[in-house]
Every structure is written in structure tokens, then in C-alpha cells.
Amino acid sequence: MKEYLKVQLPAIALFGMSVALILLLVWLDGYRNGFVIGYGLLLVGLLAIGVFTIDYLANRSFYHYLKTGLSGRSAGYLARRVKKLLDDDHHHVQEQLAAIDAHHQTHIKFMNIWVHQMKTPVSVLELMAESSQIDPYDLLAETDRLKSGLATALNFVRLEDFEEDFLIETTSLLALIKQSIGEQKRNFIRHEIYPKIKDDTDFWITTDKKWLQILLFQLISNAIKYSNAEGTVTFALDDATRSLTITDTGCGISASDLPRVFRPFYTGDNGRQRGEATGMGLYLVSLISQKLSITVTIASEVGQGTVLQLKFPES
């Protein structure tokens, strides 16, 4: 009740002053019948008490909320509006908490998978160190696996602050592709896969070079990982459609797996058979492509390879 009186105090004061003003005008006009005036005041007072009482009861939960912070049911317009706003705000907070929790669980699951997979190259390096002969070729292969895993984990974390680590510049796409191929030279040689740039077509793009190279690194790594020895990975640029097509001659992706390859932790049949997939490579590609406004499409057939196309926005 105290909260109600505090809120309605201006209305009560205005009502009292209005009644007093009317009485003053009646008195100055010469009307002096105290009984009638008193009776009129009683009726007006009872009416005012009734109106304020009904209003209080209808919106009691609102005033209870002002006092305790807890909302309840009420038939009043004010209370209904407050309850709706509170419910909407609660629903929004719950959605945010659910999103944060899902994101947290994704991080935990990724780190568990990542740590498990990093144990393999570490174990191999330990065996090499304990043996009397160390093959530099095998040593580099394991260190490359470690570097690749560390890069994936680091890039996954950096995506949290993408806007803080974002630099737009205009660059040649062909030059970026050649640089990305060069960075994975040992990986190509180790798997006996041959990169091929279809022609010298080139066009300029306005993007973040570092993040685009991370995206290309993931796509090239996947193409190498799932290709057979003596296979090729072909890069074709089309300046008319501003697109890059990456085609491999690998094992391909089944029709049932294809719609889900960009989901986090989804490894599909190929990943389960090879046992080295985290299911995060193409998920990172999808996240980065959204940030860079690049459209990524994929087509594949089992035993025939995979075709990935990137379409870049107009500069």
C-alpha cells in the first residue's frame, strides 16, 4: 500500500486541490449550507476511495514488484504491461544464457577432442626421441601436425574477438592462393598430392588477408587429407563471377553427410574412417566466410572428389 500511495501521491494531491477549489468557489458564491457541502464531500470522498481501491487491487502485483522485486498475477493494465515486459526480458536473458552455455560447451568439447588428437604426434615424437635413429622427414611430419592443430585451436579462440583483429585491404586473390599453396608445400609432398592452378586468371578482392588465408588453409588441408596419393587439387578463378573453385580427386562425401559438413564436430564417414578429424575445419570455414561475406558452396560424390566454390563480394 505504501508503494501505491507513493506512486499515486500526485493524483491524490491534485484531486484534493480540485475539491478544495470547487468548495472555495461555492463558498464565495454565497452558498453556506454546511450539511449539503459536507454530504457532497462525503460522497466525493467515498467515490475517490472506491476508485483508488479498485485501481490498487487491480495493479497490486505491480506495486508488490516495486517493493520486493517479485512479479505476480494481476488484472490491471499497468500490471499486465509490467509482467509482459518482465517476461520478455526474462526470455531474452534465458536465450542469451543458453547461447553462452552452448558456446561454452562447444569450447570444452573442442578442447577435449583437440587435446586427444595432439597426444598422437606427441607420442610419436617421444618414440623418435627414444630411438637411435630419427628420420627428419617423419619428424617434420609430426611437427606439422602439431602446428596445424595449434593453429586451428588458436584461430577458434581468435574468432571470439574477430572485430578486434580485422584489417581490410585490397589484394590479388591469385597471389594469396599461391602463398597458401606454398605454406603447405611439405603437406602436398608428404601425401603425394599435386596442386594445380588452372590458368593465370586473377581478380582483386577487398578483404582481410590473414583470415582469408586461414580459410584457405583449412580448405587446402581438407583437400589434401581426403585425397588419394597421386591425386590433384585444382584451383580455378573466374573473374566474371568473382569465384574460386577448389576441386580435389579424393574420396568424396556421401549425400547423407553433405548437408552437415559445416556443423561443429561433424566428421562424417570419412572422418570416422581416418580417425584424425576434429569436425572443426569446415565449421571454422563457415564462421570465417560469414565474417568476410564470402558465399561457400560444396558439391561432392563418393569416389569422385569434392568441389568447393567461394564467391567473393564486389570490391
Side-chain angles (χ1 to χ4, degrees), residues 3-4 7 57-117 149-168 207-208 210-212 214-215 217-219 222 253 255-268 271-272 277-298 308-313:
E3 300 301 324
Y4 177 78
V7 172
L57 293 175
N59 295 287
R60 181 164 47 186
S61 67
F62 169 69
Y63 301 105
H64 179 69
Y65 170 72
L66 291 180
K67 184 178 181 179
T68 64
L70 301 173
S71 62
R73 284 189 170 185
S74 186
Y77 170 77
L78 188 60
R80 291 198 309 271
R81 286 293 299 163
V82 169
K83 188 173 187 307
K84 185 179 184 308
L85 290 173
L86 290 174
D87 289 344
D88 290 345
D89 186 60
H90 178 73
H91 181 68
H92 180 64
V93 170
Q94 290 299 315
E95 286 183 337
Q96 288 184 317
L97 289 175
I100 292 171
D101 182 63
H103 189 69
H104 179 64
Q105 293 302 321
T106 298
H107 271 268
I108 292 175
K109 187 174 181 180
F110 170 70
M111 292 308 298
N112 287 337
I113 294 174
W114 179 81
V115 169
H116 178 73
Q117 292 208 340
L150 288 169
T152 300
L154 184 59
N155 293 330
F156 186 60
V157 172
R158 281 178 175 171
L159 274 172
E160 299 295 316
D161 299 312
F162 183 85
E163 288 74 15
E164 301 296 327
D165 189 25
F166 190 61
L167 178 63
I168 293 292
T207 189
D208 184 294
K210 186 188 74 176
W211 282 108
L212 180 54
I214 292 171
L215 184 152
F217 178 89
Q218 293 295 336
L219 293 181
N222 270 17
I253 304 170
S256 59
D257 285 338
L258 205 55
R260 296 177 282 181
V261 293
F262 291 108
R263 295 180 185 177
F265 309 115
Y266 189 77
T267 57
R272 285 187 288 271
T278 62
M280 294 300 288
L282 288 181
Y283 175 61
L284 281 175
V285 168
S286 69
L287 293 179
I288 297 171
S289 63
Q290 290 173 22
K291 300 286 188 181
L292 300 180
S293 299
I294 299 172
T295 302
V296 180
T297 55
I298 184 170
L308 267 153
Q309 187 179 70
L310 282 67
K311 285 193 175 182
F312 296 84

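Here the structure is a predicted model, which is why all the values come from computation and not from measurement.
Within the 4.5 Å cutoff, side-chain heavy atoms of Trp211 are placed close to those of Arg158. For the pair Leu215 and Ser289, the minimum side-chain heavy-atom distance is below 4.5 Å. Within the 4.5 Å cutoff, the side chain of Val296 has heavy atoms near those of the Phe262 side chain. For the pair Ile214/Leu284, no side-chain contact is recorded, criterion being any heavy-atom separation below 4.5 Å from C-beta on. Side-chain contact between Gln96 and His91 is absent, with no heavy-atom pair separated by less than 4.5 Å.
For Asn222, the side chain to side chain contact (heavy atoms under 4.5 Å, CB included) partners are Lys225, Tyr226, Leu282, not counting sequence neighbours. With sequence neighbours excluded, the residues satisfying side chain to side chain contact (heavy atoms under 4.5 Å, CB included) with Leu258 are Ile253, Ile298, Ser300. Every residue two or more places apart in sequence or in another chain that forms a side chain to side chain contact (heavy atoms under 4.5 Å, CB included) with Gln94 is listed here: His90, Leu97.
Nearest heavy atom pair, residue Phe312 against residue Ile294, reads CE2-CD1, 3.5 Å. Taking all atoms of both residues into account, the shortest heavy-atom contact from Ser293 to Pro313 is O-CD, 3.3 Å.
A distance of 7.5 Å separates OG1 of Thr297 from CG of Leu308, quoted to the nearest 0.5 Å. In this structure, CD in Glu95 is found 12.0 Å from CD1 in Ile100, a value given to the nearest 0.5 Å. Taken from OH in Tyr283 to OG1 in Thr152, the straight-line distance is 14.0 Å, to the nearest 0.5 Å.
A donor-acceptor pair under 3.5 Å is absent between the side-chain atoms of Asp208 and the main chain of Ile168, judged by distance alone.
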* Given side-chain contact (heavy atoms from CB on, under 4.5 Å), test Leu212 with Ile288 step by step and report yes or no. => CA-CA 8 Å; Leu212 180 54; Ile288 297 171; over 6 Å; no
